[in-house]
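Order of appearance sets the numbers: ligands from 1, and atoms from 1 within every ligand. Along the sequence shown, residues carry numbers from 1.
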Amino acid sequence: MGNWKMNGSLAGNATLLAGLRASTPSPDNCDVAVCPPFPYLAQAVDALRDTTITVGAQNLSQHGEGAYTGEVSGSMLADVGCVWVLVGHSERRTYHAETDQLVAHKAAAALQAGLTPVVCIGETLAEQEAGQTLGVVARQLAPILAMGNDAVSKMVIAYEPVWAIGTGRTATPEQAQEVHAAIRASLASVGAEDVRILYGGSVNASNAQQLFSMEDIDGALVGGASLKADEFLRIVAA
Ligand code: 13P
């Protein structure tokens, strides 16, 4: 899954999307998706319509509809053709004060609209250095797990250590695997151990294969490297 973050333009996206279309992957064992900014969702849905690549949004409101100026609802995202939505990305948690509880409310709103929430969790550098990684992800997951098996089994989890995002500093496959295994064990406590767990943080075409070879790493949430079609497609191939 490519997270374009706040990047792109009609013209630039057209080039990127054409590049993705040109060698549309036909994976029989994975999903491929891109998450453009809100104004470009319809452009991406249109450009990828007859391909295997699906489209997601980067955020949604926890509310269904109404007087929430500047917000976008899950049903609007579904209406324009999204099938996924990121919730609780660390940049939302950091810059927009999204709490663990709010993230769970947003995941519920996504499910209500028929979207698959991709719930992002991960510790900061200070937390990692203090040996708090597993405690932090457990705290972040708690309100999600409290939603129960019916809800959790329809989600995707993305583990993105904040210190690895946009820094070029990837977690080693072993480091990531350890956290993914702990997340899988938490998911198992509500019978949702089959939920896919993506790794995110400086994933690129050179390190993807090694990360994907780990038992509990089921895919990737890719930022910077998803803005170049050939690089993103090489990650998909891996
Ligand atoms: P980078 O791949 O640019 O490190 O970003 C990761 C990320 O935050 C994806 O959501």
Option among His180, Glu123, Gln140 that satisfies the side-chain hydrogen bond (donor to acceptor under 3.5 Å, both in side chains) test with Tyr159: Glu123
For Val152 against Ala192, the heavy-atom pair lying closest together: CG1-CB, 3.7 Å
Ligand 1 contact by Ser202, heavy-atom criterion under 4.0 angstrom: yes
Heavy-atom nearest neighbour in the protein, as seen from atom 4 (O) of ligand 1, with distance rounded to 0.1 Å: Gly166 N, 2.6 Å
Passing candidate, side-chain hydrogen bond (donor to acceptor under 3.5 Å, both in side chains) with Glu98, options His105, Arg92, Arg93: Arg92
Atoms of ligand 1 close to Glu160 [distance to a heavy atom under 4.0 angstrom, numbered from 1]: 6 (C), 7 (C), 8 (O), 9 (C), 10 (O)
Asn3: numbered ligand 1 atoms lying under 4.0 Å from its heavy atoms: 9 (C), 10 (O)
Contacting atoms of ligand 1, where contact means under 4.0 angstrom from a heavy atom of Leu221: 9 (C), 10 (O)
Numbered atoms of ligand 1 (with element) below 4.0 Å of Gly223, judged on heavy atoms: 1 (P), 2 (O), 3 (O), 5 (O), 6 (C), 9 (C)
Proximal ligand 1 atoms for Gly224, defined as those under 4.0 Å from one of its heavy atoms: 1 (P), 2 (O), 3 (O)
Atoms of ligand 1, numbered as shown, that sit under 4.0 Å from any heavy atom of Gly201: 4 (O), 6 (C)
Reference residue Leu221; test side chain to side chain contact (heavy atoms under 4.5 Å, CB included); the match among Leu86, Ile157, Ile165, Val203: Leu86
Within-4.5 Å side-chain heavy-atom neighbours: Pro161 and Tyr199: yes
Any Ala164 heavy atom less than 4.0 Å from ligand 1: yes
Gly200 touching ligand 1 at heavy-atom level, < 4.0 angstrom: no
Protein contact of atom 5 (O) of ligand 1 - nearest heavy atom, named by residue and atom, plus distance: Lys5 NZ, 3.2 Å
Ile165, any N or O under 3.5 Å of ligand 1 N or O: no
For the student: nearest non-hydrogen atoms of Ile217 and Pro173, plus distance: CD1-O, 4.3 Å
Trp163-Thr124 side chain donor-acceptor pair, cut-off 3.5 Å: no
Any N or O of Glu91 closer than 3.5 Å to N or O of ligand 1: no
Within 6.0 Å of CD in Glu71, more than 12 heavy atoms from elsewhere: yes
Option from Thr116, Asp31, Asp218 for which side-chain hydrogen bond (donor to acceptor under 3.5 Å, both in side chains) with Arg196 holds: Asp31
